[in-house]
Amino acid sequence: MKNKILLTIFLFFFFNGIVWSQLLLRISHVVKNNSPKGRAVVYFKKIVEKESKGAIKIEIYPEGILFDDREALVALKKGLIQFAVPSFSKFADIVPEFQIYDIPYLFKNIQHVHRSYFGKIGSLLRNKSYEKGYVLLAMWDNGFKVFTNNKKRIKYPQDLKGLKIRTQGSKVINKSLEIVDAVPVTKPFRIVVDLLKAGLIDGQQNTYNNIYTQQFFRYQKYLTITNNGFLGYAFISSVRFWKELNLKTKKIILDALEKATIYEYKLAEKINFDDYYRIILHSNIQIIPLTDKEKKVWENFYYKHYNVFYEFVDKKIVDEVFRLE
Ligand code: SIN
């Protein structure tokens, strides 16, 4: 009788797909849940949990509540988290080639950026990441960055002179400011709003979405539409963790990531467009657009200085990006 009951219980759980052991995976990132990256991560979680019928559970740690991006890179290696989605500029501490996205005016538009993800450049970045112990599972968008500041109207690169600008800290970004005698101040994302509020820095460069969701615009007087570098994300795991997964689990994760990636690209474009108007609606920030002629001045200024960036990124890779245009 007892055996019969046990057998019935076993069959009930077996056929109803109740899982006995659950794989818990943690993802860390630094933006809000309503940003393109934040929303795509939530979407990824939903698909993975649904497709694995609950066998995989994903916990999301947004807004740097667990780790900032640089800490997350160490936490991945230590197995404290299983995924992170740092910006290319921060992951460039590990794989310097990611700094191509920071070189001012190298990428002309989002199609150009996408051609890099899915061609030779993408493969190179995947291989370099793997050599350093990270699996580059996807490359996500945010968008092109613009400058905001509290001191003066920026029209030309030289106008940045003397301004203290918060940066994400890649060598290329910092150099691109030093060239114009601006002062790069590298600080974690989550404290930027406080630094702006306290007037400890004069400005920063970011996408409309980050400027809006982090409330940077509330403490800035000027926004110049420079589109001078691209903010994208490396969705990464550690090689050690990835190797431990069975094929079925990998497939669930990769399929979910493919869907989340398509969703993320659409979101990034739409949310940045919307947030540009939200910034204007909710503040008196002065928007400074650049005419085609002014934009050419920025481009030509930086093209003339490209050789300083070759110290950080191999010229051959930069030339390859030019070929993709
Ligand atoms: C992010 O978008 O993940 C953060 C970018 C930054 O640190 O400026």
Side-chain angles (χ1 to χ4, degrees), residues 27-42 44 60-73 75-76 81 83-94 98-99 101-102 104 110 113 136-149 164-174 176-177 182 184-197 200-217 219-220 223 226-236 260-261 264-265 267-272 275-276 279:
I27 306 186
S28 167
H29 65 77
V30 299
V31 291
K32 306 255 179 210
N33 275 334
N34 63 350
S35 65
K37 176 164 66 178
R39 283 167 66 172
V41 164
V42 171
F44 168 72
I60 303 172
Y61 294 89
E63 298 184 44
I65 53 173
L66 195 54
F67 302 118
D68 74 25
D69 278 331
R70 290 192 163 87
E71 288 167 344
L73 297 175
L76 269 180
I81 52 173
F83 303 109
V85 203
S87 66
F88 294 155
S89 317
K90 291 175 199 153
F91 193 43
D93 288 2
I94 310 281
F98 272 97
Q99 289 176 102
Y101 298 98
D102 292 331
I110 194 70
V113 169
L136 177 62
L137 294 168
M139 294 171 79
W140 282 3
D141 297 340
N142 191 318
F144 286 91
K145 291 179 284 186
V146 298
F147 276 108
T148 65
N149 89 95
K164 292 201 265 317
I165 304 285
R166 180 267 170 174
T167 72
Q168 296 188 52
S170 81
K171 294 195 169 81
V172 166
I173 294 183
N174 286 359
S176 68
L177 288 168
V185 182
T186 300
K187 292 287 173 191
F189 189 56
R190 64 170 181 263
I191 66 165
V192 179
V193 68
D194 293 329
L195 296 174
L196 291 172
K197 200 169 168 180
L200 292 171
I201 49 172
D202 303 314
Q204 60 86 47
Q205 51 172 353
N206 231 305
T207 59
Y208 296 125
N209 169 253
N210 277 344
I211 293 169
Y212 181 69
T213 51
Q214 296 294 319
Q215 306 282 295
F216 297 162
F217 67 98
Y219 310 103
Q220 299 281 267
L223 183 158
T226 45
N227 292 322
N228 53 296
F230 184 77
L231 171 58
Y233 302 118
F235 194 113
I236 50 173
T261 299
E264 204 273 345
Y265 292 165
L267 275 181
E269 196 182 349
K270 170 153 176 35
I271 296 180
N272 271 307
D275 285 350
Y276 168 70
I279 291 168

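Atoms within each ligand, like the ligands themselves, are counted from 1 in listed order.
A heavy-atom separation below 4.0 Å is not found between Q204 and ligand 1. The closest approach between K37 and ligand 1 falls below 4.0 Å for a heavy atom of the residue.
No salt bridge links E63 with R190; every basic N to acidic carboxylate O contact stays at or beyond 4.0 Å.
Using a 4.0 Å cut-off between heavy atoms, N210 contacts ligand 1 through its side chain alone, with no backbone atom that close. At a 4.0 Å heavy-atom cut-off, ligand 1 does not touch V85 at all. Residue contacts with ligand 1 for K90 involve side-chain atoms from C-beta outward but no N, CA, C or O (heavy atoms, distance under 4.0 Å).
For Y233 and F91, the distance between ring centers is not under 6.0 angstrom.
Ring geometry, F230 versus F144: the interplanar angle exceeds 60°, so the pair is classed perpendicular (tilted spans 30 to 60°).
Residue N206 has at least one N or O atom closer than 3.5 Å to an N or O atom of ligand 1. The distance criterion of under 3.5 Å between nitrogen or oxygen atoms is met by R166 with respect to ligand 1.
The closest side-chain donor-acceptor pair between T148 and Q204 falls under 3.5 angstrom. Side chains of T213 and S35: a donor-acceptor N/O pair is absent below 3.5 angstrom, by distance only.
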